[in-house]
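I have placed the structure first, in the form of structure tokens, so that the comments after it can refer back to it.
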Protein chains: 2
Amino acid sequence: MQTRPRRYHHGDLRAALLTRAEETLEEKGPGALSLRELARDLGVSHAAPSRHFKDKQALLDALALAGFERLLATLTASQETAGESFADRLGALARTYVGFATANAELLDLMFAVKHDPEASEALVKASQSMGGLAAELITQAQRRGEVREGPLETIAIPIFSTLNGFARLAVSVTLPSATLDRDLEHVIAHTLRGCAPDSPAPR
Amino acid sequence: MQTRPRRYHHGDLRAALLTRAEETLEEKGPGALSLRELARDLGVSHAAPSRHFKDKQALLDALALAGFERLLATLTASQETAGESFADRLGALARTYVGFATANAELLDLMFAVKHDPEASEALVKASQSMGGLAAELITQAQRRGEVREGPLETIAIPIFSTLNGFARLAVSVTLPSATLDRDLEHVIAHTLRGCAPDSPAPR
DNA sequence: ACCTGAACACCGTTCAAGT
DNA sequence: ACCTGAACACCGTTCAAGT
């Protein structure tokens, strides 16, 4: 009765699992994520997912990795439409980062979770380091423009990224009231800019 | 054959559950935390924990709450032995915070987890806000001493706490290499101090 | 190559019943 | 008041077997 032959079950179980998993992750939290339920939702047997992910943890790792890739792409795009000044670029980065965090709260939690499979960790470390690379670009460029103080990269990049990621995660946890979130973010950006400013030129 | 009569099972199941839960949390991660195994470890029936925690989540919430209380106590103590200057006090706070984070990685994850029971959340929000109170004290005092720029409290406290908590969580996740952790923390402290410094007095 | 079905050992939660 | 034992509905994982 099917007009077109149905392919395997509907094409790409692996991708379908990831998509559906991320939906239920964000909707119902990580505790409610069950391989069996995923399989049920997609109309395959409960053992089918094991063909694509050896483990439940393997699926979570894949989810986290995809999250890093998406975040990195969004951050990179934010830099392309931003102005030239460090203030503009940092602002764009921060707002994009926090936007991603609030829209993907559980996913962000997963991405920075303490525990991962040792082998998947490698890919995850690499992915999170690409974000460090992006921050490095931003800063060295701003240093060349004289908008950021001189000094080894990591003495500036790590504090900035700590602040950004820290604020994003506070925003997403119960800690910060969401009513003042936008305003608070602007304070964080302003504060960060202060900390990056070059030493005021000797007055004369 | 017991020389002394055994009390109920050994006194305080609730406390015993929390203690044991935190041990296995830090040892084997949150996924390995099972109420049934906890009960087995303590030699009670698998249904016994439900007398003290209506839920698995309730136990996790209690764990998080205890974590906040312990962290707050440690931070408060760190201020009592620290010097008078803002640099000293902030440094002591930061080192203590990061020390707690690395020693209690999984617990910190739990404390700032996205999802909690609505009713437990209230207590958790209150607990995390006491930390805000501690930061507030630190800053207003430093403002009075002229070591921190003027301005509404939240424009300084939120950025500081974001940085602190952000660094602590990066340190604990896969993101930062542990080899340079101490050095990186000092950079973060120095950077934060810069961002808090009062405007340089008008030269004359 | 990809999936199924049955099986195994484990969960969390509930509830009558015991002391 | 605090705990037990059985029961229920659910897991993740494995493995022979099917196509």
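Chain identifiers are assigned alphabetically (A, B, ...) following the order of the sequence lines, protein sequences preceding nucleic acid strands; residue numbering begins at 1 within each chain.
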Practice task
Would you mind telling me which of D:dT4, C:dG12, D:dC11 lies closest to the side-chain atoms of B:L35?
Solution key: C:dG12

Handout entry: Sugar-phosphate only, base, or nothing, as touched by A:H52 at under 4.0 Å among non-hydrogen atoms
Key = sugar-phosphate

Exercise for the section: Counting heavy atoms from C-beta on, name the nucleotide in C:dT14, C:dG5, D:dC11 closest to the side chain of A:H46. Expected result: C:dG5

Problem - Selection from D:dT13, D:dT4, C:dT13 that lies nearest to any side-chain heavy atom of B:K56 - result: C:dT13

Handout entry: Exam field: side chain A:T192 to backbone A:V188, donor-acceptor pair closer than 3.5 Å
Key = yes

Handout entry: Nearest-angstrom distance from the residue atom CG of A:D55 to C1' of D:dT14
Key = 12 Å

Practice task
Would you kindly compare B:R40 and A:S50 by the position of their nearest DNA chain C nucleotide and give the one closer to the 5′ end?
Solution key: A:S50

Fill in the blank from the handout: For D:dC10, the nucleotide meeting Watson-Crick or G-U wobble distances (both under 3.5 Å) is none

Completion exercise
Exactly one candidate in A:V148, A:I160, A:I139 meets side chain to side chain contact (heavy atoms under 4.5 Å, CB included) with A:L90; the answer is A:I160

Exercise for the section: Let me know the distance between CZ of A:F53 and C1' of D:dT14, rounded to the nearest Å. Expected result: 18 Å

Handout entry: Watson-Crick or G-U wobble mate for C:dC15, both contacts under 3.5 Å
Key = D:dG5

Exercise for the section: Output the single nucleotide from C:dT13, C:dC3, D:dT13 whose closest atom is nearest the side chain of A:R36. Expected result: D:dT13

Practice task
Could you tell me the separation between the CZ atom of B:R51 and the P atom of C:dT13, rounded to a whole number of Å?
Solution key: 14 Å

Exercise for the section: Rounded to the nearest angstrom, tell me the gap between atom NZ in A:K54 and atom P in D:dT13. Expected result: 9 Å

Handout entry: Qualifying residue, where the test is salt bridge (charged side-chain N to carboxylate O under 4.0 Å, His left out) with B:K28 and the options are B:E37, B:E22, B:E23
Key = B:E37

Problem - A:R149 side chain to A:P198 backbone, donor-acceptor under 3.5 Å - result: no

Completion exercise
note: B:E37, atom CD; C:dA9, atom C1'; distance rounded to Å ~ 13 Å

Exercise for the section: Rounded to the nearest angstrom, tell me the gap between atom CG in B:L42 and atom P in D:dC2. Expected result: 16 Å

Exercise for the section: Tell me which nucleotide among D:dT4, C:dC3, C:dT13 gets nearest to the side chain of A:L13. Expected result: C:dC3

Problem - Closest to the A:S34 side chain, choosing from D:dT4, D:dC11, C:dC11 - result: D:dC11

Handout entry: Separation of C:dC11 C1' from B:Q57 CD (nearest whole Å)
Key = 16 Å

Exercise for the section: Over 60° means perpendicular and under 30° means parallel, so classify the ring planes of A:Y97 and A:F161, tilted if in between. Expected result: perpendicular

Fill in the blank from the handout: Taken to the nearest whole Å, CG/B:D12 to C1'/D:dA1 is 14 Å

